Amino acid sequence: MTSATARIGAGPAVRRPRHRRRLVAWLFIAPLAIVNLLVIGGPGLSSLLFSFTDWDGLGQANFVGIDNYVELFQSPNVLAAIWHNLLWTLFFLIVPISMALLGAFLLSRLRRGQVLFRTLYFIPYVLATIVSATVWRQILSPDAGIGAALANLGFDGLAGVNFLGDPSLALGSVAFVNNWQWWGFLLVLFLAAMQGVNPALYEAARLDGANAWREFWHITLPGIRPTLMFLVLMTVIWSFLVFDYVYILTQGGPAGSSDVLATVLYRTAFSEQRAGYASAMAMLLSSISAVVVAGYLILRKKLDWDV
Amino acid sequence: MIRVQTDTLAAPAASRRAARAAARPPRRAGFRPDHRPRRPFSVLILVVLAFYATGPLAVFVFNSLKSPAEISRSPIGLPSEWRWENFATAFEDANMGQGLLNSAIIAVSTALGVCVIASMAAYAMTRLELPGKSAWILYILVSTSVPIQLFLVPLLSWWSTLGLYNTQFGLIVIYWAVYSPFATMLLRSFLLTIPKEYEEAARLDGAGEWRLFTRVMVPMIWPGMLTVALVAGLQAYNEFLLAVTFIQDSQLLPVSLSLYSFQQSYAVDWSLVSAAGLIMAAPVIVVFLLLQRRFIEGYTQGGLAN
């Protein structure tokens, strides 16, 4: 590519010295490099350093070795949060992905109305977390929500159930709300991938008398495998980073029953002023993402998958 | 030989598009109605899913028009009288005017800045003699997948030191950094599909790189820029974690935080909370419905940019 520019642009009027052309290139990428290093690169690196200190976020930081990491893996709060993140991952690997696959597959076989359905499914995704949390806080509230509405109709099985305030229901309820906003996005991605599958394969399958389930299993799923694998990977990563919904709906409560790593981290850093310890949690979170990404890349290389 | 190299670089996106375009006509022609029986059961499932997606929003709209007493009497159904004044009250009580103005400033500045930063970077990565191109791509890919929590805590102390904490400009700079890597990858894929002949002609005329970039390249990648602006602007408008961490002053709060604090204080008055939520959501829903193809394109490409 470089030689292309050089050779064709070699007219006498335009040939500029090499160092000058490099300088121009650097100037073009400088804005990205500067804001990126200032916001992500620099503070990210100092997180790594602070994770070995007792920094409070403001004052002096003293080196404490790996104490933070030792505490991390002994803290019942952190271990409970990791467990909640794992449950969250499991929920998001199963529920939204199956709903989106089902919806996208049925929609891809629809002759008319695809755009209308796609739009309806996508609307929750463009809403802010705070808006969809507002929608559902009311529907899930014990006094003015779904339970009360059903009780009015004479079915009081859910009456008075405090979905977000009951320790055994809080985490599941938050996941349910997040799924409402999330699955339509997956559906749209799956639908786009399914439209790229060679239609001749379906025709061949139909001539062989395959039913819908076999078409889905033998043609659609293999056809969208790169998209599916990518979204499975992102689901795992995002499930460990989830923050907004938990923070807005339950703040991790009641009694830590819906705490996830990100909310524990936030509290540790900004309420308990233990920024060094919170940095160790940040390193844990980031290494989980890194391991998942690396595993995916290695798998892709080994199995020669194309994305 | 040179051409071949550029072509293979441009190949994934272009060939995918070509394949999709080629795939359409036979698909329509191939399936005559008798091959595709009507599927009432499929349509039923799709309708149920559509109801799941939009039903809660209908409840939300209904409740924003009820009185609190009516909500506790009938939490789900249609309002018996439509109290439009709820919107005026909520707008006033939740300080939504200031919030919407602040959010508009933040979203527009984010969108513009991300467009400038990302298009320049994408240009450098595809057209200029940038040393270590693949290293840059890797760095950008890594920074799209870095969790915000990784840099949040030190960033707060950096921002306090620099005087950027609790300022809208400080928040906007963070959004620039967080949203431009994805935008760069998207615009890069756009630039790779544009043949080099356009700029070569301009180069022979003696145009400088900046002129070439602003006069030739930017007009050609305009659809991509619009997509990037929409996605970045919407994300900035909706964002919560960074806003709640970096803005304290009630005069500077974006609308998401106006709504959040209103919800925390008025947890019982569901009609006003719903009305305030709808005020925040309305601009987004309108823009989405008007430009939904571009939105969905941006998100589907953005989501798979890696």
Side-chain angles (χ1 to χ4, degrees), chain A residues 1-2 4 8-9 11 13-14 21-22 24-25 28-29 31-32 35-36 39-40 43-44 46-47 50 57 103 106-107 117 119-121 124 126-131 134-135 138-139 143-145 148-149 184 188-189 192 196 199 203 241 243-244 262 265 269 275 278-279 282 285-286 289 293, chain B residues 2 5-6 20 23 26-27 30 42 45-46 49-50 53-54 56 59-60 71-72 75-76 117 120-121 123-124 128-130 143 145-147 149-151 153-155 157-158 173-174 176-177 180 200 203-204 206 209 238 240-241 256 259-260 263 270 273 277 280-281 284 288 292 296 300 303:
Chain A
M1 241 163 58
T2 313
I8 296 165
V14 281
R21 280 179 285 136
R22 288 204 159 174
V24 170
F28 268 86
I29 208 156
L32 179 86
V35 293
N36 209 291
V39 174
I40 299 174
S46 67
S47 237
F50 281 127
L106 296 179
L107 200 53
F117 278 114
T119 306
L120 293 177
Y121 297 148
V126 300
L127 298 179
T129 307
I130 181 71
V131 172
T134 308
V135 173
Q138 192 249 317
I139 297 178
D143 52 336
V188 167
L189 293 181
E203 277 182 87
L241 302 182
F243 173 82
D244 292 16
L265 186 159
S279 296
L285 268 182
S286 308
S289 310
V293 173
Chain B
I2 297 154
Q5 203 189 344
T6 40
R20 212 171 286 168
R27 190 172 170 218
S42 306
I45 294 178
L46 289 171
L49 287 175
T54 52
V59 171
F60 185 50
I71 289 185
S72 44
I76 303 286
I117 292 169
M120 285 175 68
Y123 186 67
L128 300 177
E129 256 182 70
L130 185 71
S143 59
S145 47
V146 154
Q149 286 87 353
L150 171 65
F151 54 84
V153 182
L155 184 63
S157 106
W158 286 37
V173 172
I174 301 174
W176 286 347
S180 55
E200 275 149 16
R203 244 188 214 121
L204 285 176
E209 288 301 338
N238 283 349
F240 181 80
L241 167 59
S256 55
L259 179 58
Y260 178 65
Q263 203 195 75
W270 292 111
V273 169
M280 177 179 175
V284 171
F288 167 67
Q292 55 131 332
I296 288 181
T300 46

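Computed from a predicted structure; not experimentally measured. Every chain is numbered from 1, with letters handed out A, B, ... down the list of sequences. The figures that follow rest on heavy atoms only: side chains count, while hydrogens, waters and symmetry mates do not.
- Here CD1 of I130(A) is found 7.5 Å from CE of M280(B). Values are rounded to the nearest 0.5 Å.
- Interface remark: of the candidates P147(B), A124(B), S42(B), P147(B) forms the most heavy-atom pairs closer than 4.5 Å to chain A.
- Contact of I139(A) with chain B is made through the side chain alone, with heavy-atom distances under 4.5 Å.
- The aromatic rings of Y260(B) and F240(B) sit perpendicular, their planes meeting at an angle over 60°, well past the 30° parallel limit.
- Expressed to the nearest 0.5 Å, how far OG1 of T119(A) lies from CD of Q292(B) amounts to 3.5 Å.
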Please step through side-chain contact (heavy atoms from CB on, under 4.5 Å) for the pair Y121(A) and V188(A), ending with a clear verdict.
CA-CA 8 Å; Y121(A) 297 148; V188(A) 167; 5.6 Å; no

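- Among I45(B), L130(B), V146(B), L46(B), the residue making the largest number of heavy-atom pairs under 4.5 Å with chain A is L46(B).
- The structure places CD of E129(B) at 4.0 Å from CZ of R21(A), a figure rounded to the nearest 0.5 Å.
- For the options L265(A), L32(A), T129(A), L285(A), heavy-atom pairs under 4.5 Å to chain B are most numerous at L32(A).
- Of the listed residues (T54(B), L150(B), V173(B)), the greatest number of heavy-atom pairs within a distance under 4.5 Å of chain A belongs to L150(B).
- Looking at F50(A), the atoms closer than 4.5 Å to chain B (heavy atoms on both sides) all sit in the side chain, from C-beta outward.
- Here the CZ atom belonging to F151(B) is positioned 12.0 Å from the CH2 atom belonging to W158(B), to the nearest 0.5 angstrom.
- In this structure, W176(B) and V39(A) have side chains that are not in contact, with every pair of non-hydrogen atoms separated by 4.5 Å or more.
- Taking chain B as the reference chain and counting heavy-atom pairs below 4.5 Å, the highest number among V24(A), V293(A), V135(A), D244(A) is found for V135(A).
- Each of S46(A), S289(A), S279(A) has some count of heavy-atom pairs under 4.5 Å with chain B, and the biggest count is that of S46(A).
- Contact of L120(A) with chain B is made through backbone and side chain together, with heavy-atom distances under 4.5 Å.
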